[in-house]
Structures are given as C-alpha cells and as structure tokens.
Amino acid sequence: HWGAKDGGITEDPKMQKEYNGIYRQQLTELLTKYGKIKEVWFDGNCQIDVADILKQYAPNAVYFQGKSASLRWVGNEDGFAPDPNWYTLSKKDLATGVSTSQNSDVNGDAYAPVEVDVPLMQNGGHKWFWAPHTDSLLLNMHQLMELYYKSVGHGAVLLLNSTPDTSGLIPASHVAIYKAFGNEIRRCFGTPLARTQGHARELKITLLKPTVVNHIILREDLSKGQRVKAYRTEGSLDGKTWTTLYKGTSIGNKKIDKFENKTMKYVRVIIESDKETPYISDFSVYHVTAKSVAK
C-alpha cells in the first residue's frame, strides 16, 4: 500500500509525510510500552528522522543500522564474522546506515561493532519463521559450535533466532537445542585451567604442572576501546624455550584461538602491535576435549 522501501522512502513522495507520522508513532509505542529497550533494530536501514525519539525513550540502547547506527550487520546470515574483525570504520560509511563488516577499517574514526544474525533452521535451508514439519532444518550441535567459534570467537555478538509456533511458544524441539548449546559452551569454556588479566603488552600464566592445552581466550576491556592490532601466544615447559601457539590480529570482546594439543607449564600472550597499551580483561587457557569442537 505504501510502497516504502530503501529505509522507509515511499515511491510516491506525496505519501512520505503521512508515512513518517505513522512510523514515528509506532516506534514511540514500541519504545515506551514494553519495558527497558537495549537494542533497536532497523532492518535494511531507516532514512526517517527518529533521532529525537531514540534519544528520549532509548538513550542507552544500541541501534542497528539507520542514521543513528551504533551497530553494523556483519553482511551475511550464515553466522560467521570475519577474522580480523575490526570494530571501527569511517564516519562516512557509518552514516550510510547500511555499512557492514566489509566497511571495517582498523584505523577508522567511528566505532560500531558487527552483529551476526542467523536462523536456527538453516541445516539444508534458510528459514526465519516457524512452519510445520521443519525440524529437519534445525542446526545440530557441531554446526552450532562452528557458528560460535566463528562469531563469538571472532569478537562478534551471535544473534541466534528464536521463533514461536502457532501456540505462541518456542517449540520444545528448539528449546532443547538452545539448552544443549548452552550446556556445550559451558562444558568447553566454563572452567579454564588458569586465567589472568592486566594493562600490559605481555601477560604470563604459570600452570601448577605441565598440562595439555589447546585453546586460549582473550578479551579486551572495550570501555577503553579495541586497541590490539596484532598478538601472538606462546607456550613453554621450562620458562626459557618458547613455542608459538597462535598468531592473531583483532581481539575485541572475545577471541577464541584453538590449536593442536600442547603440553605446557607456562603460557604467555605478547601484544605485537596496538593503538595504545591494551587492557586485557581476560587471558584464559583451556583444554577442551573433542566432542563438538569446531574444526
């Protein structure tokens, strides 16, 4: 009826003013009658001026796409974020409202992390909304862990779709998968062998005894910005001879690095390049047994 596309622009300019009024009215309702809002998602951009509404009713939320964007779409619906995954881009690209991870620039002058959206029903299909007889499309545990490694493990937020059936509830078969997925994440990463943190370009962990390690998780304190541009992790048995375990670039919210089993007593991370001395909020070492570990 409205013929609105490309961010809410009507085909007939004479209809734009009325359309904008309805759009602003509905957005105001959504932001004022359903509790505290943490994220406002403008799917496919928003060219209508709603900055005043966002400022008044959702001042602490993040905005996905549009003129007020503080988040970006990763650029696919497959559940994968790039590596490296830089949170910065140019102000010019951000202002388009439709920038993606492809616009990332390690030296950009605007900050807008990417978000990864993916349907749970994507095993041989791609379906956002529930329909009868679609359980065959549900992702299995190995596929979900692959998404986790390549989204959360690349410093992005994974937005895994939930869709109610005609009863208004999330189907039991979907709930069971969400629960199993959470359990598997906790099994793999709930208890590190050791961890530390610090404001430094080198951090070291000393294990109680020589131990098999195969995963390292790094996190930055993002209240100070995404500072790390390149790093390497190393392990040693004697504290003198060091073996490179992994070489990486971006860290951000979380970087999960996996490698072949190595028996080590000492593990360290060395920041090779940065914008400022980084704040590493978490440097953790793990031994994850091969159950659903992604390749």
Side-chain angles (χ1 to χ4, degrees), residues 62 70-71 81-89 101 104-115 148-158 185-186 188-288 293:
V62 290
S70 54
L71 290 178
D83 182 19
N85 177 16
W86 305 117
Y87 294 5
T88 49
L89 70 164
S101 61
S104 296
D105 179 353
V106 64
N107 296 312
D109 55 2
Y111 183 89
V114 300
E115 190 171 74
Y148 187 81
Y149 273 82
K150 293 182 178 179
S151 57
V152 176
H154 287 178
V157 171
L158 173 61
I185 292 169
R186 284 184 286 271
C188 292
F189 304 116
T191 306
L193 298 171
R195 70 178 0 140
T196 189
Q197 60 181 6
H199 178 204
R201 291 187 169 92
E202 181 174 335
L203 297 171
K204 186 170 75 171
I205 286 175
T206 301
L207 301 172
L208 295 176
K209 62 181 180 179
T211 305
V212 175
V213 299
N214 57 15
H215 282 69
I216 288 175
I217 288 182
L218 294 166
R219 304 187 74 171
E220 290 186 73
D221 178 355
L222 292 176
S223 68
K224 308 296 191 297
Q226 187 187 33
R227 296 185 169 189
V228 176
K229 297 170 69 176
Y231 68 92
R232 72 179 187 274
T233 52
E234 299 179 334
S236 174
L237 276 172
D238 58 10
K240 298 178 181 179
T241 303
W242 294 87
T243 300
T244 298
L245 302 174
Y246 196 92
K247 290 180 70 68
T249 51
S250 64
I251 294 178
N253 181 61
K254 181 180 290 187
K255 185 62 168 37
I256 303 176
D257 295 332
K258 55 185 181 292
F259 42 87
E260 296 296 323
N261 287 348
K262 302 286 185 181
T263 300
M264 299 294 174
K265 185 176 181 182
Y266 306 93
V267 183
R268 67 185 182 186
V269 58
I270 299 172
I271 307 304
E272 298 179 324
S273 178
D274 58 61
K275 299 178 180 181
E276 295 268 357
T277 304
Y279 287 76
I280 302 300
S281 60
D282 187 18
F283 168 32
S284 301
V285 179
Y286 296 80
H287 175 223
V288 180
V293 176

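Start at 1 with the first residue, then count along the sequence.
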Using atom types as modelled and distance alone, determine if a side-chain donor or acceptor of Arg227 lies under 3.5 Å from a backbone N or O of Glu276. no

Does a side-chain heavy-atom distance below 4.5 Å link Ile216 with Leu245? yes

Which residues pass the side chain to side chain donor-acceptor pair (under 3.5 Å) test with Lys224, not counting sequence neighbours? Asp221

Looking only at atom types and distance, does a side-chain atom of Ser104 sit under 3.5 Å from a main-chain N or O of Trp86, one as donor and one as acceptor? yes

Check whether any side-chain heavy atom of Lys258 sits under 4.5 Å from a side-chain heavy atom of Val288, and report yes or no. no

From Leu89 CG over to Asn107 CG, what is the distance, rounded to the nearest 0.5 angstrom? 12.0 Å

Can you tell me how far apart OG1 (Thr243) and CG (Leu237) are? Round to the nearest 0.5 Å. 8.0 Å

Any side-chain heavy-atom pair of Ile217 and Arg195 under 4.5 Å: no

Sequence neighbours left out, what passes side chain to side chain donor-acceptor pair (under 3.5 Å) with Lys262? Give chain and number order. none

What distance do Asp257 atom CG and His215 atom NE2 have between them, rounded to the nearest 0.5 Å? 9.0 Å

Please list, chain by chain and in numerical order, all residues satisfying salt bridge (charged side-chain N to carboxylate O under 4.0 Å, His left out) with Arg268, sequence neighbours excluded. Glu202, Glu234

Non-hydrogen side-chain atoms of Val228 and Ile280 separated by less than 4.5 Å: yes

Heavy-atom donor-acceptor pair, Tyr87 side chain to Gly155 backbone, under 3.5 Å: yes

Which heavy atom of Gly225 sits nearest to which heavy atom of Glu220, and what is that distance? O-OE1, 3.7 Å

Ignoring hydrogens, what is the shortest heavy-atom contact between Val62 and Leu71? Give both atom names and the distance. CG2-CD1, 3.5 Å

Looking only at heavy atoms, what is the nearest atom pair of Asp282 and Gln197, with distance? N-CB, 4.3 Å

How would you list, by chain and number, every residue that makes a salt bridge (charged side-chain N to carboxylate O under 4.0 Å, His left out) with Asp83, sequence neighbours excluded? Lys255

Residues that Ser101 engages under side chain to side chain donor-acceptor pair (under 3.5 Å), provided they are two or more places apart: none

Using the ring-ring contact (aromatic ring centres under 6.0 Å, His included) rule, collect all pairs that involve residues 218-272, keeping only residues at least two apart or in two chains. none

Going by salt bridge (charged side-chain N to carboxylate O under 4.0 Å, His left out), name the residues that satisfy it together with Asp274, two or more places apart in sequence or in a different chain. Arg201

Calculate, to the nearest 0.5 Å, the distance between atoms CE and OG1 belonging to Met264 and Thr233 respectively. 10.0 Å

For Ala194, check side chain to side chain contact (heavy atoms under 4.5 Å, CB included) against everything at least two apart and list the hits. Ile205, Leu207

To the nearest 0.5 Å, what is the distance between OG1 (Thr249) and CZ (Arg232)? 15.0 Å

Hits for ring-ring contact (aromatic ring centres under 6.0 Å, His included) against His199, two or more places apart or cross-chain, chain-then-number order -> Tyr279

Would you give the length of the straight line joining atom CG of Leu203 to atom OG1 of Thr196, rounded to the nearest 0.5 angstrom? 6.0 Å

Nearest heavy-atom approach of Gln226 to Ser250 is NE2-CB, 3.8 Å

Test side chain to side chain donor-acceptor pair (under 3.5 Å) applied to Asp238 - qualifying residues, sequence neighbours left out: Ser236

So which atom in Ser151 and which in Leu158 form the shortest heavy-atom distance, rounded to 0.1 Å? OG-CB, 3.6 Å

Looking at residues at least two apart in the chain, or sitting in another chain, which of them share a ring-ring contact (aromatic ring centres under 6.0 Å, His included) with Tyr286? Phe189

Please assess Asn253 against Val157 for the test side-chain contact (heavy atoms from CB on, under 4.5 Å), listing each intermediate value before the final yes or no. CA-CA 9 Å; Asn253 181 61; Val157 171; 5.6 Å; no

For the student: nearest non-hydrogen atoms of Thr88 and Lys275, plus distance: OG1-NZ, 3.9 Å

Ala156: which residues meet the side chain to side chain contact (heavy atoms under 4.5 Å, CB included) condition with it, sequence neighbours left out? Ala81, Asn85, Val114, Val116

